[in-house]
Every structure is written in structure tokens, then in C-alpha cells.
Amino acid sequence: MWKEVNLVFVVAEISCWMWTGERQSTRMRIRYLEAALDQDIQFFDTEVRTSDVVFAINTDAVMVQDAISEKVKLKNMSLCCFFALCSLI
């Protein structure tokens, strides 16, 4: 029985962190695009190409999403395992 309960909680944790990472990266993409569109149009004519802006937005958002959905989840799981091991000693 405990295996099934544990499986449900693990799936719920993974889903929540993936959903949180997706939300944060989407929010970051929107704010980044709004900030880019607030620039003077001359900035895009002389300083940067459109593909550079799109690439920067996508690269940064993927890195943030990966950090939130994978790294935070692994850190939390490692801490829980550590404290569980300490409680057994």
C-alpha cells in the first residue's frame, strides 16, 4: 500500500514542479518580449536582429524552466532522503 501512496506523491511532485517551471518561463518570456518591444524602433534597425531577440528569449526561458522543474525537485528530494536517513540513525 505504501508503494502506491509513494508513487502518487512522486508523480504529483514531478507534475507540480514541471507546471511551476513552465509558468515561470512563460511569464519571463512575456516580460522579456514586452521589454524588447518598449525599445525604440531604431534599436532594432541598428543594434540587433529579430532572430537574436527570439533566440535570447528562448534560451533564457529554457534555462529557467530546466532549473525550476529539474534542479529544485532534485534538491528537495535529496534533502528529504538525507533527513529520513538521519532519523533512522
Side-chain angles (χ1 to χ4, degrees):
M1 175 178 161
W2 289 108
K3 289 181 182 180
E4 291 85 9
V5 171
N6 190 23
L7 178 65
V8 169
F9 282 116
V10 167
V11 169
E13 179 190 15
I14 291 170
S15 299
C16 287
W17 282 113
M18 288 179 68
W19 180 69
T20 301
E22 183 65 33
R23 269 187 57 216
Q24 291 298 324
S25 66
T26 301
R27 183 180 295 169
M28 188 185 79
R29 281 183 178 128
I30 291 170
R31 289 187 180 173
Y32 196 96
L33 183 61
E34 287 173 349
L37 292 176
D38 284 340
Q39 296 289 326
D40 187 24
I41 194 67
Q42 193 175 35
F43 174 75
F44 294 104
D45 290 338
T46 59
E47 299 293 324
V48 69
R49 294 187 318 237
T50 306
S51 61
D52 293 339
V53 174
V54 172
F55 181 75
I57 291 172
N58 193 34
T59 303
D60 294 344
V62 167
M63 287 174 37
V64 167
Q65 183 178 357
D66 183 47
I68 291 173
S69 62
E70 295 296 325
K71 306 297 190 268
V72 174
K73 177 185 66 163
L74 289 175
K75 180 194 68 88
N76 288 345
M77 189 171 61
S78 298
L79 283 174
C80 289
C81 290
F82 173 75
F83 289 127
L85 182 63
C86 289
S87 69
L88 294 175
I89 297 176

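Fair warning: this is a prediction, and the values are worked out from it, not measured in the lab.
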Short side-chain donor-acceptor distance under 3.5 Å, Glu22 and Gln65: yes
Separation of Ile57 CD1 from Met28 CE (nearest 0.5 Å): 8.5 Å
Residues forming a side-chain hydrogen bond (donor to acceptor under 3.5 Å, both in side chains) with Asp60, sequence neighbours excluded: none
Neighbour count >12 (heavy atoms, 6.0 Å) for atom CE, Met18: no
Closest approach of Ala61 to Ser25 (non-hydrogen atoms, all atoms of both residues): O-CB, 3.5 Å
